Amino acid sequence: MVRTRFAPSPTGFMHVGNLRTALYEYLVAKSAGGRFVLRIEDTDRGRLVEGAVDVIYRTLSLAGLCHDEGPDIGGPFGPYVQSERMNLYLPYAESLVRSGHAYYCFCTKERLDSLHDGESTQDSPGYDRHCRDLPADEVRDKLASGMPYVIRQKMPLTGQTTFEDLVFGIITVPNKELEDQILIKADGFPTYNFANIIDDHLMEITHVVRGSEYLSSTPKYNLLYEAFNWEIPRYVHLPLIQGRNEDGTVSKLSKRHGSTGFDDLIAEGFLPEAIINYIALLGWCPKEDTRELFSLSELTGAFSIDGISKAPATFDYDKLEWFNAEYIHRMSREEFIVQAVPYFSGLSCVDESTHDLLTEILQPRITRFCQIPEKLSYLNGLEDFDPELFEHKKSKSSVDSARLLLGQAAESLRSITDWDADSVINALTKVSERNDVKKSAVMWAVRIAVTGMAVTPGGAVEALLLLGRDRSIERMEHSRQRISQ
RNA sequence: GGCCCUAUGGUCAAGCGGUUAAGACACCGCCCUCUCAAGGCGGAAUCAGGAGUUCGAUUCUCCUUAGGGUCACCA
């Protein structure tokens, strides 16, 4: 049974990188009929954020990544919140001390800080292993006197550690590069590095899926598994998601690259399905064909670990936008209206009777729902526009022709009894025939006159239908007068 | 800087010794057309460089270069 876990720390913010990790964890498990568990890693009490866990629940649920075990729904391996497992870690660390794989360290914060200043980190990285070989009785005394301490992992000084990653292959690191990392902090909490492997083992996680930034610390974890004589899980490291910097370079995706939080993207009008679909394809590609549109369950069916690429991928908002548009275009009329209605509220001339027409003109034209108000802003009032808008070569329209045609068009429209597409087209076509001009010249003049916008969703006819007869004619007269001096 | 990883068009990428080097986004052009979209058709654009292995390298090996990651009492 494949078991994966998503182990976010509750920061109150769900980064798309985290979300993609969750997605792949879900897919690795579900594509193999396994279980996907949620574990909250809140061992950093300094970074606790109110309500942050709810953000995680909400995001997973919106994204459709339903977990099989977790703090909210329980499961056979609980509790699923690390702070509630507090008393469980220290004994493991102490057993490591006894077996010679870890040691107490009494170094002060100040001493550690001064270490970082002395740039010459010749052989060993980070910590200088100052307390590694303290005499046993000295350790006993310090402990007895209540001196604050941390527990550090005792890394081998020679040799090398090798592990296999399912996407990156075999990786070997010299042991002397490994820092004697802290396992238990002075506040008694375990570090992520320690809690992580204890919990993964206890929760019987079979596949550890995470970003490739953890690649270089994986040997340290393996040394821990070995010290405990525990089975080492399979590793699936994911290529990083990068963002494009202003100067054209790329780096690990972060806030300065724009909206990188799931909530931000939602607020900007991206659909959860589109976001999931896009990030699934950032670093993964289906084997069978060139399809790109996948629902979550289709992804589950198509997913395989060997489709994951090693090279980092750059987040591309254009492509996300395209996915979003695809999802919008494929909606049923009913779905579209449900999503669009909230954006109709600030618009005049819109009621249920216009929903079908609005869907028709909007659905192929928006890539995000929040674009609706600006696209239809003319409904709320005719702005003073540049008369030059009447000039349009391709439509054979000009200020002069508009001046001539608008009066007649208004006149013709005024006599319509049933204000519908057919009669409007009919009336305007007659105007063009009577004056022996292209239909587009009339249409252009009318559309500009009633909307004041160079570009509108739908054409003159749709604008007229939305505005209604009275308002349309009123606007046409108004616009005609503006160009009649 | 040490260590680790990566390298096919601007971006996501297929390819896993022999291909006219797929496809998608973006871009450009044409068609359709009452504007703009949508849709259809077409175009430009990629194997970082150098050695080797091989009958033959985008594909395997090494070096160089470039980029990224990591070096916390954060996760």
Side-chain angles (χ1 to χ4, degrees), chain A residues 7-9 11 18 41-44 46-47 105 107 109 112 116 119-123 125-127 148 150 152 165 168-169 171-174 176-179 181-187 189 191-193 195-196 210-219 237 239-240 242 244 248-252 278 281-287 289-292 309-323 325 329 361-367 375 389 392 394-395 397 425 428-429 432 438-448 451 453-463:
Chain A
S9 65
T11 60
N18 285 133
E41 308 233 336
D42 58 349
T43 56
D44 185 353
R47 295 217 291 190
C105 168
C107 291
K109 184 85 182 131
L112 264 19
H116 293 304
E119 65 218 67
S120 54
T121 43
Q122 340 79 338
D123 241 11
Y127 181 57
V150 301
R152 286 183 184 272
D165 180 84
F168 285 89
I171 294 172
T172 299
V173 177
K176 71 170 164 62
E177 298 296 331
L178 275 19
E179 182 184 17
Q181 63 177 351
I182 290 173
L183 270 17
I184 300 288
K185 299 183 256 191
D187 63 4
F189 273 76
T191 57
Y192 158 84
N193 295 315
N196 188 42
R210 50 155 79 123
S212 65
E213 65 266 36
Y214 290 96
L215 227 30
S216 55
S217 44
T218 299
H237 283 94
L240 236 41
Q242 302 182 138
R244 190 162 295 285
T249 60
V250 294
S251 53
K252 193 162 135 182
Y278 174 60
L281 262 21
L282 251 194
W284 173 81
C285 177
K287 284 292 164 197
D289 55 28
T290 59
R291 181 153 73 117
E292 297 201 280
S309 63
K310 298 191 257 203
T314 305
F315 195 89
D316 181 3
Y317 288 92
D318 282 339
K319 186 90 186 226
L320 208 212
E321 188 109 12
W322 176 79
F323 271 105
H329 296 166
I361 64 173
L362 252 17
Q363 192 165 11
R365 266 173 267 254
I366 60 169
T367 54
K375 286 204 186 296
L389 285 185
H392 188 72
K394 196 156 161 273
S395 300
S397 175
I425 291 173
L428 294 178
T429 304
S432 73
K438 286 186 68 174
K439 191 174 73 173
S440 60
V442 178
M443 293 297 189
W444 181 274
V446 170
R447 190 178 63 84
I448 297 299
T451 67
M453 295 169 75
V455 173
T456 52
V461 175
E462 287 75 21

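Chain letters run A, B, ... following the sequence lines, proteins first and then strands; every chain starts at 1. What you are looking at is a predicted structure, and each value in this text was computed from that prediction instead of being measured.
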Could you write out each protein N or O paired with an N or O of nucleotides 29-34 of chain B at a distance under 3.5 Å?
from: B/C34; atom 1: OP1; to: A/K439; atom 2: NZ; distance (Å): 3.4
from: B/C34; atom 1: O2; to: A/A460; atom 2: N; distance (Å): 2.8

All side-chain hydrogen bond (donor to acceptor under 3.5 Å, both in side chains) counterparts of [X], not counting sequence neighbours:
| X | answer |
| --- | --- |
| A/T172 | A/T162 |
| A/Y214 | none |
| A/T218 | A/R210, A/H237 |
| A/K319 | A/E292 |

_I'd like to know if the side chain of A/R47 pairs up with that of A/S9 as donor and acceptor (distance under 3.5 Å, no hydrogens or angles considered)._
no
Tell me the interatomic distance from [X], atom [atom1], to [N], atom [atom2], rounded to whole angstroms.
| X | N | atom1 | atom2 | value |
| --- | --- | --- | --- | --- |
| A/K109 | B/C74 | NZ | P | 7 Å |
| A/Y192 | B/C71 | OH | P | 12 Å |
| A/F168 | B/G69 | CZ | P | 13 Å |
| A/F323 | B/C25 | CZ | P | 9 Å |
| A/Q181 | B/U70 | CD | P | 15 Å |
| A/H237 | B/U6 | NE2 | P | 13 Å |
| A/L320 | B/A24 | CG | C1' | 14 Å |
| A/I182 | B/C74 | CD1 | P | 7 Å |

What is the base-pairing partner of [N], counting Watson-Crick and G-U wobble geometry with both distances under 3.5 Å?
| N | answer |
| --- | --- |
| B/U61 | B/A51 |
| B/U46 | none |
| B/A22 | none |
| B/C3 | B/G69 |
| B/C36 | none |
| B/G17 | none |
| B/C41 | B/G29 |

Partner residues of [X] under the salt bridge (Lys or Arg N to Asp or Glu O under 4.0 Å) criterion, sequence neighbours left out:
| X | answer |
| --- | --- |
| A/D316 | none |
| A/K185 | none |
| A/E41 | A/R39 |

_Please enumerate all residues that pass side chain to side chain contact (heavy atoms under 4.5 Å, CB included) together with A/S395, with sequence neighbours excluded._
A/H392, A/S397, A/S440, A/W444
*asked:* Going by side chain to side chain contact (heavy atoms under 4.5 Å, CB included), name the residues that satisfy it together with A/P286, two or more places apart in sequence or in a different chain.
replied: A/L281, A/W284, A/E288, A/F294
Determine the interatomic distance between [atom1] on [N] and the same-named atom on [M]; round to the nearest Å.
| N | M | atom1 | answer |
| --- | --- | --- | --- |
| B/C71 | B/C28 | C1' | 47 Å |
| B/A14 | B/G23 | P | 15 Å |
| B/U61 | B/U53 | P | 15 Å |
| B/U46 | B/G10 | P | 8 Å |
| B/A26 | B/A38 | P | 8 Å |
| B/G1 | B/A13 | C1' | 34 Å |
| B/C73 | B/G15 | C1' | 48 Å |
| B/G68 | B/U11 | P | 13 Å |

_Pick the closest RNA chain B nucleotide for A/E213 and for A/T43 by heavy atoms, then say which residue is nearer the 5' end._
A/E213
[options]: which one has an atom nearest the side-chain heavy atoms of [X]?
| X | options | result |
| --- | --- | --- |
| A/K252 | B/G69, B/C36, B/A72 | B/G69 |
| A/T191 | B/U70, B/A75, B/G68 | B/A75 |
| A/D318 | B/C4, B/C25, B/G68 | B/C25 |
| A/W322 | B/A24, B/G68, B/U35 | B/A24 |

Within-4.5 Å side-chain heavy-atom neighbours: [X] and [Y]:
| X | Y | result |
| --- | --- | --- |
| A/R447 | A/M443 | no |
| A/Y278 | A/F315 | yes |
| A/P219 | A/V173 | yes |

*Under 4.0 Å: is that the gap between some side-chain N or O of A/K185 and OP1 or OP2 of B/C74?*
yes
*Answer yes or no: does a side-chain N or O of A/K310 lie under 4.0 Å from OP1 or OP2 of B/U6?*
yes
Each nucleotide N or O in nucleotides 38-44 of chain B that has a protein N or O under 3.5 Å away: list the pair and distance.
from: B/A38; atom 1: O4'; to: A/P364; atom 2: O; distance (Å): 3.4

*Taking atom CG of A/L240 and atom OG1 of A/T314, what is their separation to the nearest 0.5 Å?*
10.0 Å
Reckon [X] touches a base, only the sugar-phosphate, or nothing at all at heavy-atom distances under 4.0 Å?
| X | answer |
| --- | --- |
| A/R244 | sugar-phosphate |
| A/V250 | sugar-phosphate |
| A/N196 | nothing |
| A/T172 | sugar-phosphate |

Filtered N/O pairs between nucleotides 12-14 of chain B and protein, under 3.5 Å:
from: B/C12; atom 1: OP1; to: A/T314; atom 2: N; distance (Å): 2.9
from: B/C12; atom 1: OP1; to: A/T314; atom 2: OG1; distance (Å): 3.4
from: B/C12; atom 1: O2'; to: A/L281; atom 2: O; distance (Å): 3.0
from: B/A13; atom 1: OP1; to: A/G283; atom 2: N; distance (Å): 2.7
from: B/A13; atom 1: OP1; to: A/S309; atom 2: OG; distance (Å): 3.4

_hbond_proxy A/Y127 side chain to B/A72 base (donor-acceptor, 3.5 Å cutoff)_ = no
*When you measure from the side chain of A/S432 to the backbone N and O of A/V442, does any donor-acceptor pair fall under 3.5 Å?*
no
